[in-house]
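Model, not experiment: these values are computed from the prediction. In what follows, chains are A, B, ... by sequence order, proteins preceding strands, each numbered from 1. When reading the values below, keep in mind they use all heavy atoms of this one structure, side chains included, and skip hydrogens, waters and symmetry mates.
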2 protein chains.
Amino acid sequence: MVRKEIKEQRVKGYFIQAAKEILKGEGLVCVSTRNVADRAGYSYATLYNYFKDIKDLVFECAKEFIDEVRDFVKNETVGLTAGIERIQVKLKAYLNYFIQYPGIFELFFLERVSSMGNNQKTVELIYTFLDKLCADDWNYCIEHGIVRADQLEFVSDHIRFISAGLLLFYINRRHPQEYGEFISLAQARIKEILDRYTISREDNPR
Amino acid sequence: MVRKEIKEQRVKGYFIQAAKEILKGEGLVCVSTRNVADRAGYSYATLYNYFKDIKDLVFECAKEFIDEVRDFVKNETVGLTAGIERIQVKLKAYLNYFIQYPGIFELFFLERVSSMGNNQKTVELIYTFLDKLCADDWNYCIEHGIVRADQLEFVSDHIRFISAGLLLFYINRRHPQEYGEFISLAQARIKEILDRYTISREDNPR
DNA sequence: TTAAATATATTAACATTGGTAATAATATGA
DNA sequence: TCATATTATTACCAATGTTAATATATTTAA
């Protein structure tokens, strides 16, 4: 019966919505069965009719947040054409999203892998997400001789590590203390990496 | 009375020792009042006569682990003289320590800042630790014109961010999957950064 | 040395978690 | 309408952090 599945998806959605709201507002630590169920308008035990356990629910949220980050970044880059400059804008938006919702940074990068059970696919999705986000731009850069194809992996990995490191210290350790300082620091650092691994237009033979 | 304080320190030490063992072996998640007290040979409530709460105990451990990492790194660099090569060796040892004891990485970098209460000094100690570890070497490099003084902060920060990012993805996300791959990746990346910000001996005017 | 005072440790209890099983309520189909 | 299947809830359990009351050592003073 299809009607049954529609209903099931609907109720699942209520729980996911509630958990997402808590994650965004109060962070992972506040996502408890009681808390989520209260907000969804159900008893906490009902949650177990729709999710294996609380981690299962949290990872359903993660999946949806991936789309949300993508949309957020897309929204910040409307009208821009592919290339190094757009990578910088995308990265800024990417960092800003996690600063706005530290709970989601926590969920994406800090949550213990042990607690993810069989959600390895979601973990992989998160890991490769930044690369996919900038894939068009990297392709453009390679096609136009702005980045050497054999250096692509190194530079994109480098940016991934730096971004995670920056966010980790800013969100989790308050270094630097001010947002303005963080963002200018981050941008300078990203610019430096991109400069290092790109061939400027003047030098570009084509 | 001094005797009283000696005894107090002694019992405190038993709890800290027990907690450290659990942290090293099973990680932060297993450090519970009951678990620690059992291992220390006391009731769980006794713990509260010596520590404000469980986080207080955990941060006492953190302080001791800082010394432990320092010793570990020192031990791996006996006989080496100050300079870029020693920084590389120190960084390798630093990374290896956290890979050997992921629970301590978790404690140092992943534990929520909110749960640290008034231990801001310890947080600061952890944050500046890597710089202090390499301070002699950086000084040597500046004095010998190997590193430009005005670039020191940038490069040492860069290394901090990259190290944290590398460890985060390896320990918490299993990327890359193999230790061998991780260490060669990490070393290549650190070497690249150091090369970029150092003036090679041949180029060195002195 | 022994009784009072102090310090230390333990038990009992509470609240909050995640999670399960039995039960109640509701919807579905003949 | 009534039996059946589905869905939600209550009542529980075990583990956690934490506190208060109580028991047990230890020290101090007579």
Side-chain angles (χ1 to χ4, degrees), chain A residues 1-19 22-23 26-62 103 106-107 111-119, chain B residues 1-19 22-23 25-62 103 106-107 111-112 114-119:
Chain A
M1 195 107 292
V2 183
R3 253 184 296 175
K4 190 188 151 185
E5 291 198 2
I6 290 172
K7 278 170 139 184
E8 190 175 320
Q9 275 312 115
R10 198 133 55 196
V11 178
K12 258 187 119 159
Y14 300 148
F15 282 108
I16 292 174
Q17 189 54 36
I22 296 167
L23 269 167
E26 294 124 83
L28 199 53
V29 91
C30 293
V31 179
S32 69
T33 50
R34 269 88 168 169
N35 212 352
V36 171
D38 271 2
R39 193 181 279 250
Y42 287 92
S43 159
Y44 57 88
T46 307
L47 197 147
Y48 290 93
N49 294 334
Y50 295 91
F51 302 92
K52 202 182 124 282
D53 53 35
I54 187 87
K55 285 155 198 162
D56 188 22
L57 165 59
V58 164
F59 271 83
E60 290 292 321
C61 294
E106 202 184 342
L107 171 59
E111 178 67 347
R112 320 283 166 269
V113 89
S114 66
S115 75
M116 303 192 195
N118 39 19
N119 286 83
Chain B
M1 195 106 293
V2 184
R3 252 185 298 175
K4 192 188 147 184
E5 293 198 1
I6 291 173
K7 279 170 139 183
E8 191 176 318
Q9 275 312 116
R10 197 133 56 194
V11 179
K12 258 188 117 159
Y14 300 148
F15 281 108
I16 292 173
Q17 189 54 37
I22 296 167
L23 268 167
E26 293 125 81
L28 198 53
V29 90
C30 293
V31 179
S32 69
T33 50
R34 268 89 168 170
N35 210 352
V36 171
D38 271 2
R39 192 181 280 248
Y42 287 92
S43 160
Y44 54 87
T46 308
L47 196 147
Y48 291 92
N49 293 335
Y50 296 91
F51 302 91
K52 200 182 125 283
D53 52 35
I54 187 86
K55 285 155 198 164
D56 188 23
L57 166 58
V58 164
F59 272 82
E60 289 293 321
C61 295
E106 201 184 342
L107 172 58
E111 177 66 347
R112 321 282 167 268
S114 66
S115 74
M116 303 189 193
N118 40 18
N119 285 82

For dA8(D), does OP1 or OP2 lie under 4.0 Å from any side-chain N or O of Tyr50(A)?
-> yes

If you take atom types as modelled and just measure distance, does the side chain of Tyr44(B) reach the base of dA12(C) with a donor-acceptor pair under 3.5 Å?
-> yes

Starting from C1' on dA15(D), measure out to CZ on Arg34(A) and report it in whole angstrom.
-> 12 Å

Contact class for Val31(B) (heavy atom, under 4.0 Å): base, sugar-phosphate, or nothing?
-> sugar-phosphate

Specify the separation, in whole Å, of atom OH of Tyr42(B) and atom C1' of dT11(C).
-> 17 Å

What's the verdict on side chain to side chain contact (heavy atoms under 4.5 Å, CB included) for Val29(B) and Arg112(A), showing C-alpha distance, side-chain angles and the deciding distance?
-> CA-CA 10 Å; Val29(B) 90; Arg112(A) 320 283 166 269; over 6 Å; no

Nucleotide dT6(D), atom P - distance to CD of Glu5(A) in whole Å | 12 Å

Interatomic distance where CG belongs to Asp53(A) and P belongs to dT17(C) [whole Å] = 17 Å

Integer-rounded Å distance: dT8(C) P and Phe15(B) CZ | 13 Å

Can you check whether Thr46(A) has a side-chain N or O nearer than 4.0 Å to OP1 or OP2 of dT7(D)?
-> no

Atom-to-atom span, CG of Asn35(A) to P of dT16(C) - whole angstrom = 12 Å

Are Arg10(B) and Ile6(B) side-chain neighbours, meaning at least one heavy-atom pair lies under 4.5 Å?
-> yes

Over 60° means perpendicular and under 30° means parallel, so classify the ring planes of Tyr42(A) and Tyr14(A), tilted if in between.
-> parallel

Integer-rounded Å distance: dT17(C) C1' and Asp38(A) CG | 14 Å

